[in-house]
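Proteins get letters first, then strands, A, B, ... in listed order; numbering begins at 1 in each. Every value quoted in this text rests on a predicted model; they were computed, and no experiment measured them.
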Amino acid sequence: MTNAQIAAILNELADFMELSGENPFKVNAYRRAARSVENSRHAVAELRDHLEELPGVGKGTAGVIEEIIATGRSGQLEELRQQLPPELPDLLHIPGLGPKSIYTLYRELDITNLQALQTAAEQQQIRELPGFGPKKEQKILEEIARFGKRPERRLLHEALRVAHRFKEQLAKGEKIIRVEMAGSIRRLRETIKDIDFVVATREPGEVSEWIVSLPEVVEVVNQGETKVSVIVEAEGIEMSVDVRLVTPDQFASAWHHFTGSKEHNVRIRQRAKQYGWKVSEYGIFNPETEETKTFADEADFFSHLELPYIPPELREDRGEMEKAEQGELPELIRIEDYRGDLHMHSLYSDGADSIYKMAKAAQERGYEYIAITDHSQSLKVASGLTMDEIFEQWEEIQKVNEELENFTILRGTEMDILPDGRLDFPDELLEQMDIVIASIHSSFRQDEKTMTRRIVEAMENPHVDIIAHPTGRLIQRRDPYQVDIDDLFQTAADTGTILELNANPHRLDLNDELLKKAKEEYGLTFTINTDAHSAEGLANIFFGIATARRGWLEKQDVINTMPLKDLRKRLKKGK
DNA sequence: GCCGTTTTCGGCCCGACTGTTTTCAGTCG
């Protein structure tokens, strides 16, 4: 039983309890316990009688968790499933419908699923219910029509393209004093549901009118004095955008508030409460003086709560508040610390650019070195290199190296780990390489034992320096391989193998949570690489650094921050 | 159901917006 599986059952339990009108604080307690299980650094299934040490887990939820671990199920959940239609929680995904409305619809009209909801709305039955009306009925129909059409979440790189474009537009507003991104896009989460902006202005009414008139706005969802919600189309992508309008002196508080996360904000409010203050998007209210304090910037805001500045990427309530209180926040890696990209492809395999062009582009980015790591012979779909082609490539690398000043190209390979666990090149070749990356590109569906064995054996080879994209997931497209991640981390620690954070925005693999776990529990070292297939692809390092920061990585955790001499030493792995 | 440097009860983050009301409930972030 994984933490995620246990948490999923607790969350489902919370959904059903909410729908059956259970005390909201109780429902919230289950959600909190679920989150705590999910974020635990330990395998909760192994915790035994230490369950109640998890924050938000007490006697009651501990009992439920024990039952889930022992039987894989929850009697309470089964019971609720008997009492309520099993598809009812699906309706919670319809925007504008919450537990109260759904329960009313079920009780009064026997609506148990999406289809029944649509039929009832079309037959104008919903408008007759207390608390409902024609407008709500219409909105339900619109949301059903939209349901599943637009992807619920977009990849960060797509969302950022839309956000940058729309921000440029907003910045042109005459009455707009300042505009910044907030929400999950500012925290650089790997996927984004809607884009948040905070705008400072003294003329909110006028600005709100102006925003909805912008050419990128294709639909106005709602519009008030302090908030405008619209659908924006830019760069061929439609996304929902929320713009919050505040006065200039409220800006810092509002920016923090709308950056979230929700969970982080809860912790901030709880801390303020210890001083007897109330935090809102407008500032920090002191009931004794009846004054609302506003702030020059976010650092000022945090400092009023006697906290150091917490970077947006950490604001997830994954331990940042505790560390901030103790003055032990990590000094997160920055893009300026990055000296060279160690995983990229050239024309020799499936890349679009020559070695020279890749090197030149890297040099222009301020790098000191790169590694050319084309695919190996078995990966025929990507024109993997035979040994003879490798030797040819080395000659070209040497030539370009002589041509470029203060820059070094390392001889590397991204070598396939074959389905039976063998490596695609013999040791005699590997030992002549400057850098050897091993990775999986075939037989993704092997069972956990086979897959784990396959990767572990590759790490045990003294010439394999790096495992690329260690879980193989493609965000929202392909699940990770079945692999025992703790085995993998332990072997990396034992053998000195470096795990990659692949910066491709579709991969981001290892992800933020696994990075944090690998660092904290196993003390691993990482490499961040773009896996670029063209010179432009090198720019994706932005997403790698973003994910590394979300995974609490510091400069010293990442080999790409080392000077070349130290890097070469680190790559020896006891050879 | 959880929690406690206001500790075993009585709170639990806070405010905006919408659609339904005629003073507010439900939803959302």
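Under the 6.0 Å distance and 45° angle rule, A/R178 counts as a cation-pi partner of A/W255.
Every pair passing salt bridge (Lys or Arg N to Asp or Glu O under 4.0 Å) that includes a residue from residues 10-21 of chain A is listed here, sequence neighbours excluded: A/E12-A/R81, A/D15-A/R31, A/E18-A/R31. Sorted by first and then second residue, the salt bridge (Lys or Arg N to Asp or Glu O under 4.0 Å) pairs involving residues 200-213 of chain A (not counting sequence neighbours) are A/K175-A/E206. Sequence neighbours left out, the pairs with a member in residues 294-309 of chain A that pass salt bridge (Lys or Arg N to Asp or Glu O under 4.0 Å) are A/R186-A/E298, A/E298-A/R315.
Residues A/Q270 and A/F258 both approach DNA chain B. Their nearest nucleotides, taken by heavy-atom distance, put A/Q270 toward the 5′ side.
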Report, one pair per line, the protein and nucleotides 6-8 of chain B atoms (nitrogen or oxygen only) whose separation is under 3.5 Å.
none

Anything under 3.5 Å between a protein N or O and an N or O of nucleotides 2-5 of chain B, put it in a table, one pair a line.
unit_1 : atom_1 : unit_2 : atom_2 : d
B/dC2  : OP1    : A/G58  : N      : 2.5
B/dC2  : OP1    : A/G58  : O      : 3.1
B/dC2  : OP1    : A/T61  : N      : 3.0
B/dC2  : OP1    : A/T61  : OG1    : 2.5
B/dC2  : OP2    : A/G60  : N      : 3.1
B/dC3  : OP1    : A/G56  : N      : 2.7

Donor-acceptor pairs under 3.5 Å, side chain of residues 107-119 of chain A to any protein atom, not counting sequence neighbours: which ones?
unit_1 : atom_1 : unit_2 : atom_2 : d
A/N113 : OD1    : A/Q115 : N      : 3.2
A/N113 : OD1    : A/A116 : N      : 2.8
A/Q118 : NE2    : A/E122 : OE2    : 3.1
A/T119 : OG1    : A/Q115 : O      : 2.9

Identify all side-chain donor-acceptor contacts of residues 50-59 of chain A below 3.5 Å with residues at least two apart in sequence or on another chain.
unit_1 : atom_1 : unit_2 : atom_2 : d
A/H50  : ND1    : A/E53  : OE2    : 2.8

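As judged by a 4.0 angstrom heavy-atom cut-off over every strand, A/L97 is placed among residues touching the sugar-phosphate backbone only. Using a 4.0 Å heavy-atom cutoff across all strands shown, A/P99 reaches sugar-phosphate atoms only and no base atom. At the heavy-atom level, A/V279 lies under 4.0 Å from the strands shown only through sugar-phosphate atoms. A/N23 comes within contact range of at least one nucleobase, with a heavy-atom separation under 4.0 Å. Residue A/Y30 is classed as a sugar-phosphate contact, given heavy-atom separations below 4.0 Å to backbone atoms only.
Of the charged side-chain nitrogens involved, none lies within less than 4.0 Å of a carboxylate oxygen, so that A/K555 and A/D557 do not count as a salt-bridged pair.
Between the C1' atoms of B/dC17 and B/dC12, the separation comes to 24 Å (whole Å). The C1' atoms of B/dT8 and B/dC3 are separated by 10 Å, rounded to the nearest whole Å. A distance of about 24 Å separates the C1' atoms of B/dC9 and B/dC14, rounded to the whole Å. Across the C1' atoms, B/dG19 and B/dT23 are found 14 Å apart, a figure rounded to whole Å.
You'll find that the side chain of A/N222 is closest to B/dT18, out of B/dT18, B/dG29, B/dC14. Taking the side chain of A/F25 as heavy atoms from C-beta on, and the options B/dG29, B/dG1, B/dG15, the nearest nucleotide is B/dG1. Residue A/E281 places its side chain closer to B/dA16 than to any other of B/dT27, B/dA16, B/dG29.
Using N1 to N3 plus N6-O4 or O6-N4 for Watson-Crick, or N1-O2 and O6-N3 for G-U wobble, each under 3.5 Å, B/dC24 pairs with B/dG19.
Aromatic rings from A/H264 and A/H257 are positioned such that their centres are separated by 6.0 Å or more. If you look at A/H256 and A/F295, their ring centroids are not closer than 6.0 Å.
In this structure A/N504 satisfies the side chain to side chain contact (heavy atoms under 4.5 Å, CB included) test together with A/N502, A/H506, A/R507, sequence neighbours excluded. Residues meeting the salt bridge (charged side-chain N to carboxylate O under 4.0 Å, His left out) test with A/E520, sequence neighbours left out: A/R41, A/K516. By the salt bridge (charged side-chain N to carboxylate O under 4.0 Å, His left out) test, A/K278 pairs with no residue at all, sequence neighbours left out.
Listed here is the closest heavy atom pair of A/P134 and A/R127: N-CB, 3.8 Å. The heavy-atom pair separating A/P89 from A/F16 by the smallest distance is CG-CZ, 3.6 Å. Smallest separation of non-hydrogen atoms from A/L13 and A/Y30: CD2-CE2, 3.8 Å.
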What is the per-nucleotide protein-contact pattern of nucleotides 20-25 of chain B, from the 5' end, where B denotes a base atom under 4.0 Å from a protein heavy atom, S denotes such proximity for sugar-phosphate atoms only, and - denotes neither?
S-----

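For the pair A/T226 and B/dC17, the criterion of a side-chain N or O lying under 4.0 Å from OP1 or OP2 is met. Look at A/K227 and you won't find any side-chain N or O under 4.0 angstrom from OP1 or OP2 of B/dG29.
Contact check of residues 65-95 of chain A against DNA chain B (heavy atom, cut-off under 4.0 Å) returns A/I94, A/P95.
For the pair A/H256 NE2 and B/dC14 C1', the interatomic distance rounds to 14 Å; values are reported in whole Å.
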